[in-house]
Number of protein chains: 2
Amino acid sequence: MFTEVIKKDNTCHDCKDISCAAAVLNIKQLGLVTSNSQESFLKKGEVILHEGSLTSHIIYLKTGLAKEYIKRSGEKEQILQIVKKHTYLGLPSLFGDRINHYSYAALEDCKICYIDINMFNSLIRENGNFAYEILISTSRDSLNNINRFLHRSQKKVYGRVADAILYFSKIIYEGDKFSLPISRQELADLIGVSRESATRVLIKFKSEGIISLKGRSITIVNMDLLEQISQKG
Amino acid sequence: MFTEVIKKDNTCHDCKDISCAAAVLNIKQLGLVTSNSQESFLKKGEVILHEGSLTSHIIYLKTGLAKEYIKRSGEKEQILQIVKKHTYLGLPSLFGDRINHYSYAALEDCKICYIDINMFNSLIRENGNFAYEILISTSRDSLNNINRFLHRSQKKVYGRVADAILYFSKIIYEGDKFSLPISRQELADLIGVSRESATRVLIKFKSEGIISLKGRSITIVNMDLLEQISQKG
DNA sequence: ACAAATATGTGATATTAATCACAAAAAAAG
DNA sequence: CTTTTTTTGTGATTAATATCACATATTTGT
């Protein structure tokens with residue numbers, strides 16, 4: 001019985017955290033994935049993947065939260081997005097030029113799966129439905145990222161901070177009370193403003209009763225107003 | 001002989017402007033594409049596709065140049081990129097939610113091909129190699145766009161204008177002498193600055209001998225310096 | 001528990017680039 | 001070939017936000 005439990009945890013077929021895409025694979029293909037993938041654990045703060053490295057494996061985030069970012073020497077860090085569990089990391093890089101374009105670091109303890117890229121590619125070529133699911137996920141990701149960037153560039157600091165709070169509320173935590181998984185500096189890097197400006201606006205929102213704020217804990221008090229600020233820039 | 005020429009122009013198999021992806025289809029599949037697609041012509045300035053519309057057909061740009069942009073009422077126009085021939089328009093929108101997220105307008109007279117989306121989708125599902133090619137093209141597009149946005153947001157006006165000039169030189173025209181296909185306002189919309197600022201910087205570059213400029217014609221005189229300005233922001 | 005290191009908050013100042021208000025030039029229309 | 005419309009260029013002004021320079025918390029390590 002004990003060995004059976006271990007076995008369940010170790011096959012993709014029985015994995016609770018299986019991806020939407022892998023769900024369309026047949027038993028044989030899933031078995032292939034099982035024998036060509038490797039689970040691993042990372043502690044909060046650890047780097048999962050570094051930009052510039054060659055993609056030797058696909059990484060699938062089974063549990064936990066990570067940041068997707070770029071940090072070039074001399075430049076300030078830019079956070080593209082916060083990545084939730086059940087997501088493949090760096091797919092566009094794999095299909096683009098096989099060099100990772102973004103870095104990923106764990107914001108919480110994470111469970112990840114390394115998957116062999118050659119097997120991953122052959123699955124795409126031999127199973128159109130799998131390919132289709134991957135296309136859907138990369139397409140949505142692209143639309144979301146570009147959408148966020150486009151809007152950001154039209155907005156002033158108030159609108160951007162409002163956006164960030166709504167992003168954590170609606171996309172990441174799906175609730176209006178949460179604890180930010182990132183520092184003020186990182187929040188600023190996520191929305192492309194200075195740390196000081198981000199801080200100031202958060203405190204302004206607090207003093208105006210739009211949010212309640214204590215350290216990294218935020219509760220949205222006046223959602224309508226926050227959305228209005230996000231809209232109007 | 002005359003009819004043969006006509007026929008050649010009208011089948012995908014003999015199309016000079018066939019996409020990389022379609023090139024991996026077999027004869028039968030190409031025949032299917034031929035009978036489910038329709039060529040069309042657009043004049044400079046015409047809108048090819050409007051954001052918010054439902055994707056009823058995939059559009060493939062056979063010849064000409066177009067701009068990919070977003071224009072919401074009240075907001076200023078944002079140009080995402082200039083699209084060259086041999087490109088599918090709006091693929092991420094098709095796989096995302098079937099609503100077009102971007103608009104496209106012809107910057108030159110264009111020849112386009114409307115392709116039925118149901119057939120396109122079934123080709124992806126039944127031909128993994130085709131799917132793979134589509135994945136490559138959407139992935140590269142996504143990386144390029146996000147790369148451009150990320151760098152832009154770190155740069156001041158000088159760096160952005162330099163970027164735009166280099167973009168037309170290296171990506172669009174592949175030469176250091178070209179005529180801008182867009183107005184000053186559109187150039188500003190492409191790099192996210194005001195028209196006045198864009199104009200001022202262009203003139204500054206001209207007066208410093210970095211480019212020669214007459215109306216919309218640009219020749220890059222000092223490429224090294226221009227690249228340095230692009231790098232240093 | 002204490003010291004050191006790191007993160008956060010705050011005011012003053014500087015800088016950048018947008019906006020405004022026109023003038024000039026170029027393109028389109030008649 | 002004019003007249004009208006659109007695009008482009010230019011100076012002055014304004015507004016937004018980054019930067020700097022610290023003070024104050026908070027976290028981490030010993």
Side-chain angles (χ1 to χ4, degrees), chain A residues 43-46 67 74-79 105 107-109 151-165 179-208 211-218 229 232-233, chain B residues 43-46 67 74-79 105 107-108 152-165 179-208 211-218 229 232-233:
Chain A
K43 290 226 169 295
K44 180 176 170 174
E46 289 186 296
K67 65 173 176 179
E75 291 179 15
K76 61 176 83 162
E77 182 172 312
Q78 291 246 348
I79 300 180
L107 296 175
E108 299 171 350
D109 292 354
H151 280 121
R152 171 198 301 188
S153 58
Q154 299 233 341
K155 284 175 185 173
K156 313 227 179 296
V157 179
Y158 279 58
R160 293 188 189 195
V161 175
D163 271 1
I165 299 171
S179 179
L180 282 177
I182 53 174
S183 69
R184 296 289 191 271
Q185 182 65 64
E186 288 173 308
L187 184 75
D189 295 338
L190 178 65
I191 57 178
V193 302
S194 71
R195 178 186 61 79
E196 293 93 325
S197 295
T199 289
R200 271 185 260 264
V201 173
L202 279 178
I203 289 170
K204 189 88 187 282
F205 284 173
K206 181 189 181 183
S207 75
E208 287 177 353
I211 59 171
S212 96
L213 174 73
K214 183 158 195 214
R216 292 187 178 185
S217 320
I218 291 180
I229 293 168
K232 297 202 174 161
Chain B
K43 289 226 168 296
K44 180 176 171 175
E46 289 186 297
K67 64 173 177 180
E75 290 179 16
K76 61 176 82 162
E77 182 172 311
Q78 292 245 347
I79 300 180
L107 296 175
E108 299 171 350
R152 170 197 301 188
S153 59
Q154 301 233 341
K155 283 175 185 172
K156 313 227 181 296
V157 180
Y158 279 57
R160 293 188 189 195
V161 175
D163 271 2
I165 299 171
S179 179
L180 282 176
I182 54 174
S183 69
R184 296 289 190 271
Q185 181 66 62
E186 287 173 308
L187 184 76
D189 294 338
L190 178 65
I191 58 178
V193 301
S194 71
R195 177 186 62 80
E196 294 93 326
S197 295
T199 289
R200 269 185 262 262
V201 174
L202 279 178
I203 289 168
K204 190 87 188 282
F205 284 172
K206 181 188 180 184
S207 75
E208 288 177 353
I211 59 171
S212 96
L213 174 72
K214 183 157 196 216
R216 292 186 177 185
S217 321
I218 291 180
I229 293 168
K232 296 202 176 164

To the nearest angstrom, how far is [X] atom [atom1] from [N] atom [atom2]?
X        : N      : atom1 : atom2 : result
B:Leu202 : D:dT10 : CG    : P     : 11 Å
A:Leu187 : C:dA7  : CG    : P     : 15 Å
A:Arg184 : C:dT10 : CZ    : C1'   : 14 Å
B:Glu196 : C:dA17 : CD    : P     : 14 Å
B:Arg200 : C:dA21 : CZ    : P     : 15 Å
A:Arg216 : C:dA7  : CZ    : P     : 8 Å
B:Ile191 : C:dA17 : CD1   : P     : 11 Å
A:Lys214 : D:dT27 : NZ    : P     : 10 Å

Think A:Ser183 has a side-chain N or O under 4.0 angstrom from the OP1 or OP2 of C:dA7?
-> no
Taking only side-chain nitrogens and oxygens of B:Thr199, does any of them come within less than 4.0 Å of OP1 or OP2 of D:dG9?
->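 Result: yes.
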Do A:Ile79 and A:Glu186 come close enough that some side-chain heavy atom pair is under 4.5 Å?
-> yes
Side-chain contact, heavy-atom cut-off 4.5 Å: B:Arg216 with B:Ser183?
->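 With C-beta onward as the side chain, the pair touches.
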Report the C-alpha distance between B:Ile211 and B:Leu202 in whole Å, list the side-chain angles of each, state the deciding distance to 0.1 Å, and finish with yes or no for side-chain contact (heavy atoms from CB on, under 4.5 Å).
-> CA-CA 8 Å; B:Ile211 59 171; B:Leu202 279 178; 4.1 Å; yes
Looking across every strand, which nucleic acid part, if any, lies under 4.0 Å from B:Ser194 by heavy atom: base, sugar-phosphate, or nothing?
->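 Here B:Ser194 touches the bases of the nucleic acid.
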Residue whose closest nucleotide on DNA chain D lies nearer the 5' end, A:Arg195 versus A:Lys156 | A:Lys156
Non-hydrogen atoms of A:Ala164 and A:Ile191 that approach each other most closely | CB-CG2, 3.6 Å
